[in-house]
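First the structure, in the form of structure tokens, and then the observations on it.
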Amino acid sequence: MKLTTRLPLIITPLIALPLLLLGSVAYWELNQRSETRDVKQMFALLEQSGNQLEGDIANAKANAELFSSDQLLKEYLRSRTKPKRQALLRAPVNRKLAAIQAVYPEYLRVDLLFADGRRDIGRSVSSSSMPPPTPSADLMAGAALATAADHTVTALVLDPLRGEPVLQVLHKIDSEHMLDFGLSTHAQPSVMALTVSLQRSLQLLNNPPWAAGGLVLTDNLGSVLAASPGLALRSLLPVEHLSHGPLRPGSLVDERQNLGSHLHFSYQIRDELWLHAVLPKSTLFAASRNIGWMMLLLTLAAVLITPPLLYQLLKSNILKPIQRLNRALQQMQGGQSLVQIDTGRNDDELAELGKSFNSMNLELYRSGEKVRSLAFNDNLTGLPNRVMFGRSLKRALAEACRHGGQVALLYIDLDHFKNINDTLGHQVGDHLLTAVARLLVETLQTGNGGNDPLLSRLGGDEFAVLLSGSGVVTQSASVARRIIESVKQPLLLNDAQCYIGASVGIALYPEDGRDAEEMVRSADLAMYQAKRNGRNNFQWFSAAMGEQSKARADLTQRLHQARIQGSFELYFQPIIDSRTLHIVSLETLIRWYDPELGAISPDQFIPLAEESGQIIQIGAWVVEEACRQLARWRDEAGVLAVVGINISAVQLHKSDVAGLLRQTLARFDLRPQQIYIELTETAVLDGDRRVIETLNTLRNMGVKVALDDFGTGYSSLSYLQNLPIDILKVDRSFIAELDKKNNSVILSAIITLAHSLGMTVVAEGVEDQGQLAFLNGEGADLLQGYLFSRPQPADAIPALFQADLAGAFIAEPEPV
Ligand code: C2E
Ligand code: CA
Ligand code: CA
């Protein structure tokens, strides 16, 4: 179950139950207290009322006694004769009584009674309808009055007209004097009677502080003396309940009775007087009930509000951060590499956790970026590497396939980079690559940021550019041109100007390849074509190149076969002295006749043999075969010939040429002077230490070194002086184009320079008399060409030498 569901389920009872319990306990306790307080107040009121009444009664009693001792009154009582009293004292006594009433308006009546209870004289307030008190004979006889300690009795009687209770106080006036006089007390007034209104004391009774219910005043027997107006007493208080039950003599007795929905409290004011309160429970405990309700409401409100509030608090402080963390982890699992949580300004444990997550994720992201960069970028130049390029290419092709677009792949190879690497060292090579990478980036910048074509270093000195979108055909040609132009500019490396070039092959999607692999192959083929076309140019891929490459692969296969089956043959072309016109040496030239394809030119298959590495074995065979022929000519015809053997650059670098020659010469018992080697510029110009060492070894052995095809490469004349070379073979293209402007000038400079370096100069491809005459004039030492002889099979050589000896060799030059 999720926390969002579980938390409310836990919180709600956890909070609601104790709250409800607390609420109910508080409710109960408050109710109790409130009820007790209400009852106490109730009794306080009853007591206060009772005390008031009691006080009034005591006052009345005291006053009755006080008034009784009045002189005038006594004199009046002492008067024996009726006339005297009537005539002399009645009026003053009346005035006295009126004065008393004026001071105590609550004294409804003030009377003087005879001992037998008859009224002698009295006054009543005008509002009172009270008749004068008529005490029982017994009372008057003195039984009660006499036994009363203070000669006073009190009674509550009903004012019949008002229907309210009044207090009657009877005080027996001390009549001893009168008795002393021996007078008959019979007719003498001897009791002071006060009839007192209890309005003031019974105020509470008449105006009870409760809306319902009220107070009842009863005597000892339960007779109702007074009750609050409107109190349906009969229905509330059973008479027997009032007359028996709680009513016991004694002072301040309180009783509480439960009468159904009403409560009955009794308070004994004095022996014969009880004050009862009869109240509906609802009235008395309204306040406590209200408190209870309030408590209940508060509890309920707390129960309703607290759990959601607490839940919200927990949610925003705990659940939300946890959810955020969870979401972030899921995003991470989903492959999003950079995920950061908003931790806000909190600094609690969860925020700490979030921050830790953030820094961990950032760390991971950075190391991931590093790994990605290492995996997808070239260390040296920082450009995307082959892997990255492959991916981008695949993506671009898929995109183009979906939307019918075009993609161009430019395959760039630096010209002669290997030379620089080998001659100047790898460090300089690295600098050069970095510089070229920078150049290419600058060249490819379109100025609109993200739309620059993708440039990548595939490895070594190979770079690639990916173009996609509309107009890639024209765009790729212009990009290729710009690249070639920029790379052509001299680069400053280690304070030296360095010249380099680039050959670019372009393949287009969908014409030249349907997938990434095919596209790369096509662009690579086109690049090779550009190299073959003389470097520093670009070539579009064409189906023919594909076919050529297929044909090359086929030829390589056949070459392999031919080597195993021994299908090669050596031809020899004489090289003659320009002055004597005698044969000086023979250049060894390999021939291959394929039964299906016919004669295949070494220009065609030697590069294939070099590419496939077969040149090592083929070259070794040539050395072996040349020496074998030398030995044969010597042994069979007595001809001591000298042969020049073509050694490929690959052969020179990858095999022990000097060792091979030494062994083979020894095997055929030949002198080292009988052979010399012909190397192309590319073979020696690499400046490889090992190559130079090999050349020196050969020279020390007595084997001379010739530099072949001089003038076709990129080399300048000045480097010649540093090379261990004996013979300079000027390329036949030079001789063929002697009439071309400058060529004759350059040729004479080459000859002069070579001579100054002690080299022998051979002119190749001499085909006519004009060339012969010019070369003779310029001082070329040796000549080779169809003018003298085409390459001849080995068997034809002895005859050639014989003709030469006879002086007939040059007599009839072969027609060209
Ligand atoms: P190369 O070393 O420059 O050989 C001279 C080439 O010029 C030969 O072509 C030869 O037949 C041709 N030639 C000689 N005189 C004339 C002439 O007056 N006019 C014209 N147009 N051509 C002339 P070939 O035999 O076809 O050899 C081509 C290239 O193949 C050679 O050029 C050499 O680089 C290579 N090659 C031949 N044999 C061998 C070999 O045994 N080993 C190696 N490594 N390369 C060889
Ligand atoms: Ca040669
Ligand atoms: Ca040559």
Taking all heavy atoms of [X] and all of [Y], pick out the closest pair and write down the distance.
X	Y	answer
Phe568	Arg563	CE1-CA, 3.6 Å
Tyr509	Cys401	OH-CB, 3.4 Å
Ser486	Leu439	O-CD1, 3.6 Å
Ala477	Trp540	CB-CZ2, 3.7 Å
Ile727	Val762	CG2-CG2, 3.4 Å
Leu467	Leu410	CD1-CD1, 3.9 Å

Strictly distance-based, threshold 3.5 Å: is any side-chain N or O of [X] a donor or acceptor partner for the main-chain N or O of [Y]?
X	Y	value
Asp512	Ser542	no
Arg591	Tyr571	no
Asn537	Arg535	yes
Asn743	Glu737	yes
Glu518	Ala516	no
Ser456	Pro384	yes
Thr588	Gly644	yes

Has [X] got more than 12 heavy atoms of other residues, nucleotides or ligands less than 6.0 Å from its [atom1]?
X	atom1	answer
Arg482	CZ	yes
Arg532	CZ	yes
Tyr528	OH	no
Gln561	CD	yes
Asn379	CG	no

Would you give the length of the straight line joining atom [atom1] of [X] to atom [atom2] of [Y], rounded to the nearest 0.5 angstrom?
X	Y	atom1	atom2	value
Leu555	Gln548	CG	CD	12.0 Å
Leu383	Arg457	CG	CZ	8.5 Å
Ser648	Ile615	OG	CD1	4.5 Å
Asp708	Leu728	CG	CG	9.5 Å
Asn385	Leu380	CG	CG	12.5 Å
Met527	Ser522	CE	OG	12.5 Å

Does a side-chain heavy-atom distance below 4.5 Å link [X] with [Y]?
X	Y	answer
Leu775	Leu783	yes
Phe605	Ile590	yes
Phe463	Val436	yes
Leu458	Ile412	no
Val487	Leu414	yes
Leu670	Ile675	no
Leu679	Leu652	yes
Phe710	Asp731	no

Any luck finding a side-chain donor-acceptor pair between [X] and [Y] under 3.5 Å?
X	Y	answer
Ser612	Thr556	no
Asp577	His582	no
Asp804	Gln802	no
Gln406	Glu511	yes
Ser503	Asp415	yes

Requested in this report: Under the side chain to side chain contact (heavy atoms under 4.5 Å, CB included) rule, what do Val643 and Gln674 come out as? Steps first, then yes or no, please.
Outcome: CA-CA 6 Å; Val643 294; Gln674 279 189 277; over 6 Å; no
Once side chain to side chain donor-acceptor pair (under 3.5 Å) is applied, do any residues pair with [X], and if so which ones, sequence neighbours excluded?
X	answer
Glu596	Arg558
Asp524	none
Glu569	none
Gln784	Gln573, Glu587, Lys729

Query - side-chain hydrogen bond (donor to acceptor under 3.5 Å, both in side chains) pairs, two or more places apart, involving residues 618-636 - result: Glu624-Arg667, Glu625-Arg628, Glu625-Gln629, Gln629-Arg632, Arg632-Asp795
Report task. Hey, could you give me each pair passing side-chain hydrogen bond (donor to acceptor under 3.5 Å, both in side chains) that has a residue in residues 695-707? Not counting sequence neighbours. Result -> Arg699-Asp726
Requested in this report: Find out whether the Lys NZ or Arg CZ of Arg386 is both under 6.0 angstrom from the six-membered ring centre of Phe389 and within 45° of the ring's axis.
Outcome: no
Query raised in the report: How far apart are the C-alpha atoms of Asp781 and Val584, what are their side-chain angles, what is the distance that settles it, and do they pass the side chain to side chain contact (heavy atoms under 4.5 Å, CB included) test?
Result: CA-CA 10 Å; Asp781 307 296; Val584 177; over 6 Å; no
**Report entry** From CA spacing to verdict: side chain to side chain contact (heavy atoms under 4.5 Å, CB included), Leu589, Phe572
**Finding:** CA-CA 6 Å; Leu589 295 163; Phe572 300 88; over 6 Å; no
Query raised in the report: Where do Leu508 and Val473 land on the side chain to side chain contact (heavy atoms under 4.5 Å, CB included) test, with the steps shown first?
Result: CA-CA 8 Å; Leu508 295 171; Val473 181; 4.0 Å; yes
Report task. Go through the steps for Lys488 and Glu485 under the test salt bridge (Lys or Arg N to Asp or Glu O under 4.0 Å), then give the verdict. Result -> CA-CA 5 Å; Lys488 229 199 277 184; Glu485 264 324 293; 3.4 Å; yes
